[in-house]
Colleague: 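I have a structure here, written as structure tokens, and I will follow up with some questions on it.
Numbered from 1 within each chain, the chains take letters A, B, ... in sequence-line order.
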Amino acid sequence: MNPDSNRHYSDEDLLEWALDPSSMTPEAEAALQADTELRRSLESWEATVSELRVGFASEEQAEHASERLADSILAQTTREDLSWRGDLRLVSSFVRRGLSRSVWTKLVAASLIIHISALPILGYMLLVETPERHFNIFLEKPVDPPFEENLPEPDREVDSLDPELGDRLPELPGETEEH
Amino acid sequence: MKGSWDEDRDPLSALRAGDAALFEAFVTSEVSTFVAFFARQGADRAEAEDLTQEVFLRLFRSATNYDARDRFSAYAWRVARNAWIDRKRRRVPRGEGGDDELPTGARDVIDPHEGALDGLQRGEEAGRVHAALAKLSESHRLVFELGVLQELPYATISDLLEIPVGTVKSRMFHALRKLREVLGEDPR
């Protein structure tokens, strides 16, 4: 007697057959032929599996960005561009991925862009615009006349003129007074 | 996955042999599969695309050390699962009910280029199945994804998730029973 002939097949077994008919043993096939109830149960599981597969297949067909994504993957694998353009593309895709991951990264990047954009404006303001006029008032230290300190002392009275020298001085008209 | 990528159509074996065409075909064909996978696991649109890109880059970089003993599709799903686990570790916890939240990818599945009615119906259908899927625990959702949507055999799922086949069988049953209940309750 076949040991499988009286075996009770569970719903788990039926589901496995519904998913993968090749997993069914010859004894199981024979049992299915003989038992209508068992066959109906299997058909019910097959219908469920089929409905779910159709439901999810419609979802996969709705993928519209797959072509762009496939191009991006190929550009990084078999069609990798080894020139500087390729490097640029890798860097830009890295930046894009980084930005898409975090709100904080986006904020920091936006702040950086604003600051960098403001630099030329700041430079213009500093270099081109006329500086505001202003006046400084300061008092210089008075400069002493050089002869006060360095002039040699006269060796005789300065107010007594040499009478000979006075005689030799030319007379200017109108300047000589008669006493 | 939409195509078969095992044995003589293994993209990484071909890449090791110097033929990039199969890998390119794999990328072009399966990008949407992985985006949808990550969206169903709970990633938002940008994150799902980012993770998908990461999976393909990891696969490409692993080509030099790739050993074609396993099925390529199982290998690719393992890479995807690891990428998802890594991402979740880095994520900021969204709150206690995070695991039961509606996967945010459900909000982005409507193609703006299609007809308004088509888009609405498709969006409703996708939203309905997403809402049902969101009621599953993460472990059940992953088993469901790999078994029902990716059509991997139980033995491969067991190997990939490092759990016994009996556990895969049990999780799959509970996941589908729950989905059947939820979708059956739907007034549509």
Side-chain angles (χ1 to χ4, degrees), chain A residues 9-24 41-42 44-80 89-90 93-94 96-106, chain B residues 2 15 20-21 23-24 27-33 35-36 39-40 45-47 49-50 52-53 56-57 59-61 105-106 108-114 119 121-123 125-126 128-130 132-133 144-145 147-149 151-155 166 168-170 172-173 176-177 179-180 183:
Chain A
Y9 290 103
S10 65
D11 269 343
E12 292 179 9
D13 295 320
L14 294 171
L15 175 57
E16 187 179 3
W17 301 341
L19 287 167
D20 181 12
S22 69
S23 64
M24 215 183 298
S41 293
L42 176 63
S44 163
W45 279 116
E46 283 171 343
T48 302
V49 168
S50 173
E51 184 193 350
L52 288 166
R53 278 180 178 156
V54 168
F56 283 102
S58 71
E59 178 204 70
E60 279 186 28
Q61 283 163 10
E63 288 296 334
H64 55 273
S66 50
E67 201 175 317
R68 175 186 54 78
L69 186 58
D71 285 343
S72 162
I73 292 164
L74 291 175
Q76 292 175 70
T77 54
T78 54
R79 296 179 196 164
E80 189 177 10
R89 193 204 300 244
L90 278 179
S93 79
F94 172 76
R96 272 202 307 277
R97 279 206 307 278
L99 287 177
S100 69
R101 275 179 192 158
S102 157
V103 177
W104 287 107
T105 320
K106 281 181 193 165
Chain B
K2 296 186 183 77
L15 207 55
F23 185 82
E24 291 187 358
V27 172
T28 311
S29 169
E30 303 298 350
V31 156
S32 58
T33 306
V35 172
R40 282 192 289 266
R45 174 79 198 193
E47 194 177 28
E49 289 191 5
D50 195 31
T52 300
Q53 187 155 293
F56 284 107
L57 291 180
L59 286 171
F60 181 76
R61 286 173 193 145
D108 304 317
V109 293
I110 301 174
D111 187 340
H113 302 298
E114 66 187 349
Q121 286 170 346
R122 186 168 286 178
E125 181 63 17
R128 197 169 78 96
V129 288
H130 259 291
L133 194 60
F144 167 80
E145 170 78 37
V148 177
L149 303 183
E151 302 183 27
L152 295 179
Y154 280 10
V168 175
K169 209 166 174 173
S170 163
M172 184 67 83
F173 172 69
L176 261 83
R177 194 175 61 177
L179 284 175
R180 201 145 81 161
L183 292 171

Colleague: Could you tell me which non-hydrogen atom of B:L149 sits nearest to which non-hydrogen atom of A:R53, and how far apart they are?
Modeller: CD2-CA, 4.3 Å
Colleague: Of all the heavy-atom pairs spanning B:E24 and A:T78, show the shortest one and how long it is.
Modeller: OE2-OG1, 2.7 Å
Colleague: Between atom OH of B:Y154 and atom CG of A:D20, what is the distance when rounded to the nearest 0.5 Å?
Modeller: 8.5 Å
Colleague: Of all heavy-atom pairs between B:F173 and A:L15, which one has the smallest distance, and what is that distance?
Modeller: CA-CD2, 3.4 Å
Colleague: Do A:T48 and B:L179 touch side chain to side chain, with heavy atoms closer than 4.5 Å?
Modeller: no
Colleague: Where is the tightest heavy-atom contact between A:S44 and B:R180, given as atom of each residue plus distance?
Modeller: OG-NH1, 2.8 Å
Colleague: Can you tell me which portion of A:L19 sits under 4.5 Å from chain B's heavy atoms? Options are side chain, backbone, both or neither.
Modeller: side chain
Colleague: With sequence neighbours left out, what residues match A:T105 under side-chain hydrogen bond (donor to acceptor under 3.5 Å, both in side chains)?
Modeller: A:S102
Colleague: So which part of B:L152 gets closer than 4.5 Å to some heavy atom of chain A, the side chain, the backbone, both or neither?
Modeller: neither
Colleague: Heavy-atom cut-off 4.5 Å, strictly under: side chain, backbone, both or neither for A:S50 against chain B?
Modeller: neither
Colleague: Can you name the nearest heavy-atom pair linking B:Q53 to A:S72, along with the distance?
Modeller: OE1-OG, 3.1 Å
Colleague: Restricting to side chain to side chain contact (heavy atoms under 4.5 Å, CB included), what partner residues turn up for A:T77, sequence neighbours left out?
Modeller: A:I73, A:L74, B:F23, B:L57, B:F60
Colleague: Taking the side chain as every heavy atom from C-beta outward, state whether B:M172 and A:E16 have any atom pair closer than 4.5 Å.
Modeller: no
Colleague: What I want to find out is whether B:E49 reaches A:R68 closely enough, with some N-O distance under 4.0 Å, to be called a salt bridge.
Modeller: yes
Colleague: Please classify the contact between B:S170 and chain A as side chain, backbone, both or neither, with a heavy-atom cut-off of under 4.5 Å.
Modeller: both
Colleague: Answer whether the closest heavy-atom distance between the side chains of A:L52 and B:L176 falls below 4.5 Å.
Modeller: yes
Colleague: Can you tell me how far apart CD (A:E12) and CZ (B:R177) are? Round to the nearest 0.5 Å.
Modeller: 9.0 Å
